[in-house]
Each structure stands twice: as structure tokens, then as C-alpha cells.
Asks: 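The structure follows.
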Amino acid sequence: RRCGVVALLLGAACCLSLARGVPKIADVNSPPPLYHIFANNPYNAGLQHGRIARARIHEWFAVPEMKHRFKWASQAGSATFAQLKQDNKNEFPAYVEEMQGIADGAEVTMDQIWVANLINEIDSLISQETVTAGLPWQKQQHCSDEYAVSRSGFESGFAHGHNEDWSQAAAPVIYFLAVSPSPGAEAIVSRCAGLVYPGTLVGWAPSWNSHGTFSTQNSLMPMITRPGGLGCVFVQRRAICDTSSMSEALAALKQPGWSSGASLNLLHLGEKRMANVEVWMDAHSVLEVTPAMGNYSHFNQYKHLRTASDARIDYARDFIFDPRQARSDELPPVRNTGDIRMRLSDPLIHRNTTLLTIILNGSTGTLDVWCCGVQASNSPPHYSWSLPSFFDINGEGHSNAD
């Protein structure tokens, strides 16, 4: 049975040694590599993932922001961390098996992998505790999304674009990962791919499946996060990787019991549909982008979901110095991929925290990726992938930037 790792190091800086010791990543200016693995069960998928990304996982876990999260999980937040682990283990046992494989393959602890997959919840809880104590806290604002529909409707063209924002500490260690089932394992291993922060499951950052569903996420910053409940990485993984239609993906995201919340941006190639979903604990709101709307944008604040008493979910003060939404609103509406390239390259939207720009042409199924500080407005993409043929077993057509 074919269970080996096929490593497509497209534009990779170096080939990562799996010998004893952890090599440093050589060139931070090279595009993130793409790894494609074939697995016969969730644990095997994780094991291969951990082995091939071992150096990147170790380097990521050594940066100060991750050390801060590890410290919280083992000390001040240990009881909450234990509850989060138990809640998600109960709901997503197969994903926990995959995480155990990642830990074993990368030779790190399972708790470290748990922290990597609960970043959204941990950061929200740390923020909540800090604000409650009256201490200063700088909330990170991540990611920008733009939707476009042709004036003549979806049949004439539609697209979605995303700036992936995070601290520059993540820039040299992120990677793309595609997972496919080995022959006979189709029932237990889904075809899914996307951008991965080291040690996390596919499905959290920009991701897509073999059925035409594509997704991105905007981190949201609710005032209240519950000390337990479901993690967004796991709910998103189920919604994006283990469904085949837009309706199934939306239904999965509507599941109550989230610990915190998120904004999810969805596009389905075959159905020609796009939607934004805002979630907070047990509440959700779905906004479908229609031809009448023509365009839509989302950044890091709740726009259409409010509490049962019609109050804000997040603090308005968190966005006083964030110009992105106002800037997008004052510019002409985007209608195609060219417009999105310009919009996501605007100096008030493309920032020093922008790691990647990703634009999906819904009409052609072409996903273009820019990285390494390069703006999409005036440069060819580092990668250009056809999503309808992305999971072809031979891996042909996966890059124009060898």
C-alpha cells in the first residue's frame, strides 16, 4: 500500500533533514514549500506530517510567542487547557489521533501540538484574563478578505482574495500541506490541502478540498471566550475537509459549543457560491455574497453577528487604529481578480505582518499565491495552482515557480 511521503518542495529553501538534531531553515525569503502526503489512516497522516515538517515545527515552537502560550497552558491556564483538550478529544477523536501522529513524527510533546491547535482560544483567553485584570494588552489583528462578483453575475466571473497576516516569526516556517488517502483509505482520510502553521491540522488557515470548497479565516476578538468548548481549528477542519458541498460546510460551521469565535470565508467552485460566516460560542450568522451585493470585505471585527440583546460581541476600541475596513469601503468596489490584486496590495491593507496573498478565480479554479513581501498588484504569483486538478496523484501542474 502506498503510504510514503511525496514531498513536493516547490520553491523550498532547502531539503529538511530528518536525521538526529533539528536543522535551521536556511532561506526565509523563499516561498513556503508544498508537501503532499498519502496516508492510510489519520495517525499515519499525522506521523508523516510531523516527520517532514519536523524542523519547522521545532523552530516555531521555540519562538517567544509560542513559549508564552506553552507557559500559560502549563501554569495559569492549566485547568482551562485541560478542559479544552477533553472537550475536543470527545468531539474529534480522529483529529486527535492525527495530532498524536504529528507529535510522534516531529518528536515534540502532545501538549505542544494541542497548544498549536488551540491558538485562537488560548490567545482569546489570555486577552480576556489580561483585560479583566486591568493590564495592557496588544491584540493582534490578522487577515483581510475581499469578495468580488462580476456586474453580470456569477456566471460571468467571481473571485475571493485573502491576505494572511501573522507575526513575522511565522514567515520562515509556514508551509503548504496536501493530504490524500492511500488506495483503500478513502473512507477515513479526506483529500484536503492548505496553508499550515507548524504542527496544526490542515483546515485552519486558507484551505481547500477535492470537491471545490475553499476557505479562509479572519481571527475575531470577542469580549468573552468560554474556558472550554470546541476549538475553531477542529470545527473548521470538519467543515472544510470532510464535506462536499457549500450547504454541508455551512451546517458544520453552525455547530454550537465553540469556545470562542471566528469569521470564515467560503467559496464553492461548482456551486458558484460565496459566503461569510461569523461564529461566537453558540451563535452564528451567515451572509451569502450575491450578485446584487457585487462585493464584500471582512477583516477582524464582527460585522453581522450580535448578541441576543443586540449588543456588540467585540470591543469597538480594538479597531480605532485599524484603517483597513474604512479604506476598503472608500475605494471603488472590486469586481474581478485584478481588482482584488490591487485592493489587497493597498498600503493600508497589505502590511508588514502580511505573510501571503492568496486569490482564487472562481471561474477558472486557479489559485494564485504571492509571498515573501511581494505584492500581488505588480508581480506574477509565486505559485499558481488549478484546484480542480490539484489532487491529481502525479502532482503535475502544482507550480509555476520551481
Side-chain angles (χ1 to χ4, degrees), residues 1-20 22-23 25 31-62 66 88-89 92-119 170 172-182 185-186 188-210 215 231-234 236-238 240-242 385 390-391 393 395 398:
R1 300 177 68 162
R2 184 174 182 180
C3 305
V5 178
V6 178
L8 301 176
L9 298 178
L10 306 179
C14 62
C15 187
L16 303 183
S17 169
L18 297 181
R20 296 185 67 181
V22 181
I25 308 301
L34 165 65
Y35 305 125
H36 197 163
I37 62 178
F38 298 82
N40 56 15
N41 58 54
Y43 176 81
N44 181 250
L47 185 67
Q48 295 183 58
H49 176 181
R51 286 174 174 169
I52 201 166
R54 179 173 178 265
R56 292 171 183 267
I57 292 170
H58 278 260
E59 189 161 329
W60 177 233
F61 287 1
M66 288 303 295
N88 288 281
K89 181 178 181 180
F92 305 104
Y95 301 160
V96 176
E97 290 179 25
E98 184 173 341
M99 289 164 56
Q100 185 64 63
I102 297 172
D104 292 346
E107 299 181 69
V108 296
T109 70
M110 186 59 170
D111 271 357
Q112 287 177 302
I113 297 298
W114 271 110
V115 168
N117 284 277
L118 290 168
I119 283 179
V173 294
I174 54 176
Y175 48 94
F176 289 96
L177 178 68
V179 180
S180 293
S182 298
E186 290 80 5
I188 57 175
V189 176
S190 300
R191 288 182 175 84
C192 203
L195 180 68
V196 173
Y197 286 77
T200 64
L201 299 170
V202 173
W204 179 41
S207 303
W208 55 95
N209 66 23
S210 61
S215 75
C232 65
V233 166
F234 305 103
Q236 289 177 227
R237 165 62 176 266
R238 175 187 283 169
I240 306 310
C241 298
D242 296 337
W385 296 319
F390 184 86
F391 291 94
I393 200 164
H398 277 192

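Excluded from the calculations below are hydrogen atoms, water molecules and symmetry mates; all remaining heavy atoms, backbone and side chain alike, are included.
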Asks: Report yes if the side chains of Asn44 and Glu98 come closer than 4.5 Å at any heavy-atom pair, otherwise no.
Replies: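 SC-SC contact between Asn44 and Glu98 ruled out.
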Asks: Would Tyr95 and Asn88 count as having a side-chain donor-acceptor pair, cut-off 3.5 Å?
Replies: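 No.
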Asks: What I want to check is whether the side chains of Thr200 and Asn117 have a donor and an acceptor closer together than 3.5 Å.
Replies: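 The criterion, which ignores hydrogens and geometry beyond distance, is not satisfied for Asn117 and Thr200.
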Asks: For the pair Phe234 and Trp114, name the ring-plane relationship: parallel under 30°, tilted 30 to 60°, perpendicular over 60°.
Replies: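 Tilted, since the angle between the ring planes falls between 30° and 60°.
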Asks: Is the closest side-chain heavy-atom distance between Phe176 and Tyr35 below 4.5 Å?
Replies: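 Not in contact.
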Asks: Donor-acceptor pair, Gln112 side chain versus Phe61 backbone, under 3.5 Å?
Replies: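 Checking the backbone N and O of Phe61 against the side chain of Gln112, no donor-acceptor pair under 3.5 Å is found.
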Asks: Work out which heavy atom in Pro181 is nearest to a heavy atom in Val189; give both atom names and the distance.
Replies: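 Shortest heavy-atom separation between Pro181 and Val189 comes out as CB-O, 3.4 Å.
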Asks: As an exercise, state the distance from CZ of Phe38 to OG of Ser182, rounded to the nearest 0.5 Å.
Replies: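 Here the interatomic distance stands at 8.0 Å.
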Asks: Between Ser215 and Trp208, is a side-chain contact (heavy atoms from CB on, under 4.5 Å) present by the stated rule, with each step listed?
Replies: CA-CA 6 Å; Ser215 75; Trp208 55 95; over 6 Å; no
Asks: Can you name the nearest heavy-atom pair linking Arg56 to Pro33, along with the distance?
Replies: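 Here Arg56 and Pro33 meet closest at NH2-CD, 3.4 Å.
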Asks: If we only count heavy atoms from C-beta on, is the Val96 to Gln100 side-chain gap below 4.5 Å?
Replies: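 No; the side chains remain at least 4.5 Å from each other.
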Asks: To the nearest 0.5 Å, how far apart are CG in Asn41 and CD in Glu97?
Replies: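 Answer for the CG-CD pair, Asn41 versus Glu97, is 7.5 Å.
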Asks: Do Val196 and Ile174 touch side chain to side chain, with heavy atoms closer than 4.5 Å?
Replies: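 Side chain of Val196 against side chain of Ile174, heavy atoms only: no contact under 4.5 Å found.
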Asks: I'd like to know whether Tyr197 forms a side-chain contact (heavy atoms from CB on, under 4.5 Å) with Ile119, so could you lay out the CA-CA distance, the side-chain angles of the two residues, the decisive distance to 0.1 Å, and finally the verdict.
Replies: CA-CA 10 Å; Tyr197 286 77; Ile119 283 179; 5.8 Å; no
Asks: Quick one, Arg191 and Asn209 - any side-chain contact, counting heavy atoms below 4.5 Å?
Replies: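 Side chain of Arg191 against side chain of Asn209, heavy atoms only: no contact under 4.5 Å found.
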Asks: Is any side-chain heavy atom of Cys192 less than 4.5 Å from a side-chain heavy atom of Val179?
Replies: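 The answer is no; the side chains never approach within 4.5 Å.
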Asks: Side chains of Ser207 and Ile240: closer than 4.5 Å at any heavy-atom pair?
Replies: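 Side-chain contact under 4.5 Å: yes.
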Asks: Examine distances only and state if a side-chain atom of His36 and a backbone atom of Leu177 form a donor-acceptor pair shorter than 3.5 Å.
Replies: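 Not at all, since once roles are kept as given, no pair shorter than 3.5 Å links the two residues.
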Asks: Just by modelled atom types, is the Val233 backbone N or O under 3.5 Å from a matching donor or acceptor in the Gln236 side chain?
Replies: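 No.
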Asks: How many angstroms lie between CE in Met99 and CG in Asp111, if you round to the nearest 0.5 Å?
Replies: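 So the gap between those two atoms works out to 9.0 Å.
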Asks: Quick one: is the NZ or CZ of Arg237 closer than 6.0 Å to the six-membered ring centre of Phe92, and within 45° of its axis?
Replies: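 Relative to the ring axis of Phe92, which defines the angle, Arg237 lies outside at least one limit.
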Asks: Which heavy-atom pair separates His49 from Ile102 by the least distance, and what is that distance?
Replies: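 Taking His49 first and Ile102 second, the nearest heavy atoms are ND1-CD1, 3.5 Å.
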Asks: Shortest non-hydrogen contact from Ile188 to Pro42?
Replies: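 Nearest heavy atoms, Ile188 then Pro42: O-CG, 4.0 Å.
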Asks: Specify the closest pair of heavy atoms between Ala116 and Pro198, including all atoms of both residues, with the distance to one decimal.
Replies: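 Distance-wise, the nearest heavy atoms are CB-O, 4.0 Å.
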Asks: So which atom in Ala205 and which in Leu195 form the shortest heavy-atom distance, rounded to 0.1 Å?
Replies: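 Ala205 and Leu195 have their closest heavy atoms at CB-O, 3.3 Å.
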